[in-house]
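All of these numbers come straight from a predicted model, not from anything done at the bench. Atoms within a ligand are numbered from 1 in the order they appear, just like the ligands themselves.
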Amino acid sequence: MSLFPDLAETLPDGVRLWRRRLAPGAQMALLDDVARTLEAAPPYRPQMRTGAYVINRMSNCGSLGWISDTRGYRYEPLHPETGKAWPPIPVELGRIGADCTREAGFADYEPDACLINIYEASGKLNLHRDYDEADFRWPVVSFSLGADAEFLLGGFKRADPTHRLVLHSGDILVFGGPSRLRYHGVRKIFPGTSPVDHSVLPEGGRINLTLRRAR
Ligand code: SIN
Ligand code: MN
């Protein structure tokens with residue numbers, strides 16, 4: 001039993017969560033797409049402005065990819081280590097993203113970027129806002145694959161209280177509208193809880209994909 005309520009039933013305006021929207025077969029198909037994508041755009045650990053390395057390995061697909069280095073955060077058309085263009089957003093990923101955003105009330109969503117976050121069993125992601133996109137009217141669509149994660153959804157200031165949400169493989173979360181700039185992060189991974197076994201998943205870990213409209 002958790003001390004914190006799971007927010008799933010009482011999400012703030014602009015946040016939609018579809019529990020296990022993707023059945024295991026669809027999760028495996030997306031993980032196949034991720035594996036192909038990572039062959040073309042190998043995962044790497046970006047540096048932050050401070051010089052410290054990001055905990056998770058990352059990659060991207062789409063015409064733009066989110067990157068970080070000692071100059072800061074931004075979107076770039078080329079992989080910073082290979083110098084090659086990011087591979088395209090897999091067709092099925094784009095299609096499911098379009099279905100979910102339409103159901104959440106955002107018509108004509110055309111993502112141009114997808115960040116791939118690869119969490120080892122010990123991975124996490126500090127509280128942050130998705131703040132590098134040109135137009136915050138477009139939502140972010142997050143796909144969870146692999147082990148469960150404790151996701152924190154906060155307010156509009158870093159110090160605001162956070163609510164805890166366990167994200168499972170196959171869950172899809174849209175955050176947009178009045179919630180587009182909420183702080184969020186991943187406090188921990190629950191190693192070994194993945195319902196699917198795919199070679200692209202780190203041992204006990206998780207992969208998160210976030211579709212964005214960057215420009
Ligand atoms: C992110 O905020 O970029 C990823 C969130 C997640 O891994 O669930
Ligand atoms: Mn984010």
Kindly identify the option in R129, R212, H184, R206 whose heavy atom sits closest to atom 2 (O) of ligand 1. H184
Check: G146 main-chain N/O paired with S169 side-chain donor or acceptor under 3.5 Å: yes
Is it true that E39 and R36 have a side-chain N and a carboxylate O under 4.0 angstrom from each other? no
May I ask you to check whether Y131 and F136 place their ring centers less than 6.0 Å from one another? yes
Are I116 and M28 co-members of a hydrophobic cluster defined by side-chain heavy atoms under 4.5 Å apart? yes
A quick test of your reading: do over 12 heavy atoms of other residues, nucleotides or ligands sit less than 6.0 Å from OH of Y53? no
Protein heavy atom at shortest distance from atom 3 (O) of ligand 1: N117 ND2, 3.4 Å
Below 30° counts as parallel, above 60° as perpendicular, anything between as tilted: where do the rings of H184 and F151 land? parallel
Specify the protein heavy atom at minimum distance from atom 4 (C) of ligand 1: its residue, its atom name, and the distance to 0.1 Å. N208 OD1, 3.3 Å
Measure the spacing between CG of D135 and CZ of R212 and express it to the nearest 0.5 Å. 15.0 Å
Which segment of L125 sits under 4.0 Å of ligand 1 when only heavy atoms are counted: side chain
What are the two closest non-hydrogen atoms of L115 and M58, and how far apart are they? CD1-SD, 4.0 Å
Using a distance threshold of 2.8 Å, what protein N/O/S atoms lie below it relative to the Mn ion (ligand 2)? H128 NE2, D130 OD1, H184 NE2
Using salt bridge (Lys or Arg N to Asp or Glu O under 4.0 Å) as the criterion, point out the one residue from R180, R213, R74 that pairs with E133. R180
Kindly check if the number of other-residue, nucleotide or ligand heavy atoms within 6.0 Å of OH (Y73) is above 12? no
Counting from 1, what ligand 1 atoms have a heavy atom of Y119 closer than 4.0 Å? 4 (C), 5 (C), 6 (C), 7 (O)
In this structure, does ligand 1 have an atom that sits under 4.0 Å from one of the heavy atoms of M58? no
Taking only heavy atoms of V186 into account, list the atoms of ligand 1 that are under 4.0 Å away from them. 6 (C), 7 (O), 8 (O)
So is there a nitrogen or oxygen of H128 less than 3.5 Å from a nitrogen or oxygen in ligand 1? yes
